[in-house]
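A short worksheet on the structure shown next.
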Amino acid sequence: MEKAYIKTISEVEKLVNSNLPLNHMQLTHASCTAGCGNIIDILLMIPESVILFISPLGCGRHISIYPQQRTGRVYTCVLDEKDLVVGSQLEILDEAIQDILEKANVRPKLISVCGSCVDMLLGTDYESECRILSEKYNLPILVTYMAPVIGNEHPAVRVYRSIFELICLHRTGEPKKLINSIGRLTAYEESSEIYTLLEKCGYEVRHLSQCTTMDEFYEMGDAAVNLIGHPKALAAAQMMKEKFDIPYIAAFPTFDIEYVSRVYRQLEEVLQIQIEDEALHTEAQNHLETARKNMEGKILATGESNVGTWNAFDNALVLKKAGFDVKYVFSINAIGGESAEIKELAKLAPDLKVINEGCPNVYELVLNPLHVDAAIGLWEDWFYHRPETKDISFVDHPQLCDYDTIIRLSDSLMEVTV
Amino acid sequence: MKGLFNKMPALSPDYCGVLSVLFEMNVLPIIHSQGGCVGNYAFIDEIRWLDKSSKFVNSAISEADVVMGDDEKFIEQILNSLALQDVDFSVIISSPIAMIMGADLNAISKTVELRSGVKTLPMETHGLEYYDVGQKKMYSALLDRFLDHSVVPGEQNRVNVIGATSLDNWSEEMNSDFTNILKKMGFEDIAIWGYGDYKHDIQEAGKAKLNIVVSASGIECAKELEEIFGTPAIVGFPIGTIAEKNYNKREAGFAYQFEKEDTDKHILIIADQIYGNEIRQAIFNMYGCKNIDVVSFFHMEESLMVSGDRRIADEEDMEKFLEENPPYEIVIGDQLLKNFFSPDTQYLEMPHLAVSGRINNREIKNVIGKNADKILEKHRHIF
């Protein structure tokens, strides 16, 4: 039987260039994965707030089972068939908010109401109802949807836009020496140089998850610049640029030292400051070179299975260019958006293997893991049965756009002893 | 409020129940849904991915699919997928979106079967009910489609063990231990429904001398087989050494007896009903405790309940139940249900994958026979 889940990068390039309508790699059959994507995790970053998610049971399952979702701030309201047939979501919404407020030990300062695909399709008007309920309960209510079926944009794009629209409603108009880091689920690591470099220039870097009060959250509307950590936050940044002239800079996660340097140069230009990063630039270069030497003859795989990591093709390309032996790319996402990297990789390493994590029989790789010495950004199960593979998953310490990330990666690669 | 979950996660949905029944069969399940539904199966509700391989595909419904209602595109996807797989049959599984779209799974299945030559079953699960409902529907559909009514009832020294999936907390190890017990009882052919490729066993289910129901979702199936072939069924499996010794004396029938007395420590077991009943018996056998209630978020068969037992619909119902009852001193249940109880309650964690999923568990506790003794012995001090 054909191993449909594994193809060379050259084969993948041909498929991408074929312009066939399906966005999955195999382009011949349906896929196992798609995205409802981290909506709740994004909303959880709003301080002093709770989330009310209204959906069928199946959707509610995967937004209430992960440890970070079980801190008491997520309420999952499960609809039954009668609710959907009668269309009683709006009554349920009112009842649920009342219930949450009655039982809350500390009254939340905001409720995020999140609907699902079924509401988008049935035309449930949470927005109008929430305007009424917001007055009734004297509480701001943010409405959003985890509805991957609807529209061409990822649900996270909608959520980031909704959050920053809300933030911008509270703008004072007095610019603050604040740099917003948006689009990633986690802030820059404490060890990141970005804080000290910019603090020297008088600027604070703030991520949504670092806001402990609603005041700090709303202050982000007066930031001097937005650093975009993921394309999913681009629409929110564009909205802030158009409406309030807040510039933005793409600072996507990377292992590319020169890319990080370029982001600092852009910040210098936008903020009219001087950032002294030369020493760190050299330090990162030295670390990466030492790691490369240690990895000679050892095999690398890149993936994008967890939220702490980044585009597996981009990471593979950067590491390949830096002299590492990247043999495998595990891709969970649609490939269409990564065609530039695929094209370059196909030239650089035509035999590089691409594993489509969306293929029906791909799970046999859990049982028969590939020979890989270090797995970067991969789902831990792929090497559950091969513990000697060094797992550099970036789950606890995410990949970001700074020298610190590259030094952390290098240090992890130094631990590969196979 | 009804249907509101905060202290505990929303529970495993019906389509995951269906998929757990099919996991080890040579089948291609096709889920007509978007990503999250599939995510539940791939990342949360099926622990066997760590040890075994299986197949499934997802239609990844888009807005255009919903608007255009283009069944032909879906059928083409399925046919392409089937062309890559050598499977015995396929199952097309519905989801909330497919339900809202009004996707006619019966017609789609018939078309797929006609064009591919692969037997294709429609499965109307909508992600609105718990996993046990999906399992029940799947067992029933398998019987409807594959059961051979012409066999001679009881002609083989065979036993069908019905309802042993990982979502019911059954593992390979448990199957192996239970199989050994049944072999010692004289059965030669043991068919575990839930593990292994048991399509052929379903086909020849009527040949069995006995059916054993090991989780509540298997009850209806055993009743159906009793009605068709007159095959007797026993309910339950042996947890603890004493239960193992007495297992061959179990009487057939869908009845359960436990002499409850309100004099001991008040104990609550939250589990699948059959699993819970067996744990209750094991605790009685080891420690003589009689004041034990069993509740379940899933199907509770009335004839298998004793006074104090109850089916719990959701979080609100659980809170109501606890308010109505005197406090429990000992609770046995999934670790994610701890929030319902005060910290001074003695809590014995007995994971149920349909509650806490693979996210929070990496293994299933083997409670067959003497294995349970070790677990209960470790907690002797609380009883």
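Below, read A as the first sequence line, B as the second, and so on, with proteins coming before strands; counting in each chain starts at 1.
Counting non-hydrogen atoms of neighbouring residues, nucleotides and ligands closer than 6.0 angstrom, the CD atom of A/E91 exceeds 12 such neighbours. Enclosure of atom NZ in B/K119 is not indicated, since only 12 or fewer non-hydrogen atoms of other residues, nucleotides or ligands lie within 6.0 angstrom. Within a 6.0 Å radius of NZ in A/K136, more than 12 heavy atoms belonging to other residues, nucleotides or ligands are found.
B/D65 does not touch chain A: none of its heavy atoms, backbone or side chain, sits under 4.5 Å away. If you measure heavy-atom distances from A/R70 to chain B, the contacts under 4.5 Å come from the side chain alone. With a 4.5 angstrom heavy-atom cutoff, A/V74 touches chain B only via backbone atoms. Within the 4.5 angstrom heavy-atom criterion, no atom of B/V67 approaches chain A. The part of B/L336 that comes within reach of chain A is its side chain, from C-beta onward, which places non-hydrogen atoms under 4.5 angstrom from that chain. Contact of B/S12 with chain A is made through backbone and side chain together, with heavy-atom distances under 4.5 Å. Neither the backbone nor the side chain of B/F74 comes within contact range of chain A; no heavy atoms are under 4.5 Å apart. For B/M99, the part lying under 4.5 angstrom from a heavy atom of chain A is the side chain only. Looking at A/N368, there are no atoms closer than 4.5 Å to chain B (heavy atoms on both sides), in backbone or side chain. With a 4.5 angstrom heavy-atom cutoff, A/L79 touches chain B only via backbone atoms. In this structure, chain A has a heavy atom under 4.5 Å from the side chain of B/I359, while its backbone stays farther away. With a threshold of 4.5 angstrom between heavy atoms, B/R358 approaches chain A through side-chain atoms but not through N, CA, C or O. A/Y384 touches chain B through its side chain: at least one heavy atom from C-beta onward sits under 4.5 Å away, while N, CA, C and O do not. In this structure, the portion of A/E380 lying under 4.5 Å from any heavy atom of chain B is its side chain and not its backbone. Contacts of A/L52 with chain B are made by side-chain atoms alone, with heavy-atom separations under 4.5 Å and no backbone atom involved. Proximity to chain B (any heavy atom under 4.5 Å) is shown, for A/I92, by both the backbone and the side chain. In this structure, chain A has a heavy atom under 4.5 Å from the side chain of B/D45, while its backbone stays farther away. For B/E129, the part lying under 4.5 angstrom from a heavy atom of chain A is the backbone only.
Not counting sequence neighbours, the partners of B/T120 by the side chain to side chain donor-acceptor pair (under 3.5 Å) test are B/S90.
Using a 3.5 Å distance cut-off with no hydrogens or angles, the side chains of B/N40 and B/E46 do not pair a donor with an acceptor. Using modelled atom types, one finds a donor on one side chain and an acceptor on the other under 3.5 Å when comparing B/H32 with B/S59. With 3.5 Å as the limit, one finds no donor-acceptor pair spanning the side chains of A/N356 and A/S331. Under 3.5 Å, the side chains of B/Q135 and B/S20 contain a donor-acceptor pair of N or O atoms. In summary, the side chains of B/Q335 and B/N360 do not present any donor paired with an acceptor at a separation below 3.5 Å, with no hydrogens or angles considered.
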* Asked: Taking it one step at a time, do B/K52 and B/Y195 satisfy side-chain contact (heavy atoms from CB on, under 4.5 Å)?
  -> CA-CA 11 Å; B/K52 288 176 181 176; B/Y195 270 82; 3.7 Å; yes
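For the side-chain contact (heavy atoms from CB on, under 4.5 Å) with B/S217, the qualifying choice from B/V133, B/D132, B/T165 is B/D132, the only one to do so.
At distances below 3.5 Å, at least one donor-acceptor pair connects side-chain atoms of B/W49 with backbone N or O atoms of B/Y41.
Of the listed residues (A/C59, A/P56, A/P67), the greatest number of heavy-atom pairs within a distance under 4.5 Å of chain B belongs to A/P56. Chain A forms more heavy-atom pairs under 4.5 Å with one residue of B/I97, B/L79, B/V66 than with any other, namely B/I97. Of the listed residues (A/D99, A/V366, A/I65), the one with the most heavy-atom contacts under 4.5 Å to chain B is A/I65.
In this structure, A/R61 is not positioned above the aromatic face of B/Y131 in the sense of NZ or CZ being under 6.0 Å from the six-membered ring centre and within 45° of the axis.
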